[in-house]
2 protein chains.
Amino acid sequence: MLTIGDLSRATGVKIPTIRYYEQMGLMAAAERSGGNQRRYESHDRERLSFIKHARDLGFTIEAIRELLELSAHPDRPCVDADEIAVRQLQSVRNKIAKLRLLEKELDRMTSRNHDDQVKHCYVLRSLANHDMCVSEH
Amino acid sequence: MLTIGDLSRATGVKIPTIRYYEQMGLMAAAERSGGNQRRYESHDRERLSFIKHARDLGFTIEAIRELLELSAHPDRPCVDADEIAVRQLQSVRNKIAKLRLLEKELDRMTSRNHDDQVKHCYVLRSLANHDMCVSEH
DNA sequence: CATAATAGCTATAGATACTGGAGGAACACA
DNA sequence: TGTGTTCCTCCAGTATCTATAGCTATTATG
């Protein structure tokens with residue numbers, strides 16, 4: 001039997017977050033000790049590790065709920081899980097593409113900024129005037 | 001004189017968001033019509049465009065507050081604005097680096113997923129087992 | 001000028017995914 | 001039995017909006 005603290009140390013998920021996942025229904029309501037403290041088993045640790053890993057990969061709570069639901073039904077087609085992961089991959093690629101554009105603009109702003117007073121500041125002028133941008137973002 | 005709707009259309013910032021910026025002190029409290037509706041001038045539009053542009057580039061409200069404060073004092077050194085932009089650039093580069101790792105993992109998960117039942121699903125197995133990952137993330 | 005359509009107002013709650021604190025109870029160990 | 005650590009619930013706060021309800025103002029049309 002693990003306490004919530006044990007579970008937290010074992011998975012790297014903070015205690016309030018574990019309780020939050022319980023509230024959100026991602027983790028089943030834990031059994032309780034005589035004194036009303038949560039007690040866990042190793043399968044809870046595995047489930048929480050799964051959740052943590054998926055969160056680290058940027059899956060939303062909703063997506064994780066679906067993935068957990070899928071893994072509870074071994075005979076369902078794998079395509080469903082694949083679709084969720086592909087969606088996530090696309091969202092990650094979208095974010096990267098957008099951030100690259102921002103990087104380009106910020107790099108331009110900061111590298112051309114050689115004046116010494118705010119009234120000539122390239123950064124501030126760039127922010128005030130979208131036309132100075134080199135790309136759509 | 002512009003209504004809040006005009007300002008919204010001119011800048012692409014939604015009406016509740018404009019009111020939110022006023023509440024946060026990024027926009028000055030607008031003048032009011034006889035019937036208590038907000039009325040704006042063109043300098044408000046420019047300020048809001050600045051804010052929008054900075055938000056699109058991922059600056060936080062706090063950073064924008066500093067940038068606006070700086071541009072109100074033309075004699076202050078430009079370095080201060082530069083520092084904020086460089087910080088933002090670094091944060092963008094960090095995010096890109098992290099997302100690239102996620103992309104790698106998700107790509108691995110989805111491209112090797114050729115089985116047809118959840119019980120053999122590579123995506124779900126990968127999420128359950130961090131050791132299958134090719135990189136730290 | 002009367003009415004209708006559109007746009008605006010405030011206040012409050014919800015979304016997202018947690019995080020932290022207060023005040024008190026339970027547990028582990030000597 | 002005492003002491004220190006861990007746990008409990010409840011509530012509030014983070015950041016950045018977004019949406020709803022119920023009401024009022026303005027504008028356009030006939």
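The chains referred to below are lettered A, B, ... by the order of the sequence lines, with proteins before strands, and numbering in each begins at 1. Just so we're clear, the structure is a prediction, and the values are computed from it rather than from any experiment. All values below were derived from every heavy atom in this structure, side-chain atoms included, with hydrogens, water molecules and symmetry-related copies excluded.
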Return all side-chain donor-acceptor pairs below 3.5 angstrom for residues 16-32 of chain B, not counting sequence neighbours, or 'none' if the list is empty.
unit_1: Glu22(B); atom_1: OE1; unit_2: Arg38(B); atom_2: NE; d: 2.9
unit_1: Arg32(B); atom_1: NH1; unit_2: Asn36(B); atom_2: O; d: 2.9
unit_1: Arg32(B); atom_1: NH1; unit_2: Asn36(B); atom_2: OD1; d: 3.4

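- Following rounding to the nearest Å, Arg9(A) (CZ) and dT6(D) (C1') show an atom-to-atom distance of 9 Å.
- Distances from the side chain of Ile4(A) to the nucleotides dT18(D), dC7(D), dA17(C) place dC7(D) closest.
- Looking at Ser49(A), its side chain does come within 3.5 Å of a backbone N or O of Arg45(A) through a donor-acceptor pair.
- Under a 4.0 Å N-O distance rule, the pair Arg100(B)/Glu103(B) does not qualify as a salt bridge.
- Between Asp6(B) atom CG and dT26(D) atom C1' there is a gap of 12 Å when expressed in whole angstrom units.
- Between the CZ atom of Arg55(A) and the C1' atom of dC18(C) there is a distance of 9 Å, rounded to whole Å.
- With no hydrogens or angles considered, a side-chain donor-acceptor pair links Thr3(A) and Asp6(A) at under 3.5 Å.
- Residue contacts shown for Arg19(A) include a base, since a base heavy atom lies under 4.0 Å away.
- Using a 4.0 Å heavy-atom distance criterion, Tyr21(B) is classed as a sugar-phosphate-only contact.
- Spacing between atom CD1 of Ile61(A) and atom P of dT19(C) amounts to 11 Å, rounded to whole angstrom units.
- The nucleotide whose nearest atom lies closest to any side-chain atom of Lys14(B) is, among dG20(C), dA17(C), dT18(D), dT18(D).
- Contact detail for Ile4(A) and Ile15(A): the closest heavy-atom pair is CD1-CG2, 3.8 Å.
- Distance CE (Met24(B)) to P (dT14(D)): 10 Å, rounded to an integer number of Å.
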What's the verdict on side chain to side chain contact (heavy atoms under 4.5 Å, CB included) for Leu101(A) and Glu105(A), showing C-alpha distance, side-chain angles and the deciding distance? CA-CA 6 Å; Leu101(A) 295 178; Glu105(A) 292 307 330; 5.9 Å; no
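- Under 4.0 angstrom from either OP1 or OP2 of dT16(D) there lies no side-chain N or O belonging to Thr17(B).
- Gln88(A) contributes a side-chain N or O that, together with a main-chain N or O of Leu57(A), makes up a donor-acceptor pair within less than 3.5 Å.
- Within the 4.0 Å cut-off from OP1 or OP2 of dT6(D), not a single side-chain nitrogen or oxygen of Thr3(A) is found.
- In this structure, Glu22(B) places its CD atom 8 Å from P of dT10(C), rounding to the nearest Å.
- The stretch residues 31-44 of chain B comes close to DNA chain C through Arg32(B), Asn36(B), Gln37(B), Arg38(B), each having a heavy atom under 4.0 Å from the strand.
- Following rounding to the nearest Å, Ile15(A) (CD1) and dA26(C) (P) show an atom-to-atom distance of 18 Å.
- In this entry the distance linking CD1 of Ile51(B) with P of dA15(D) reads 17 Å, nearest Å.
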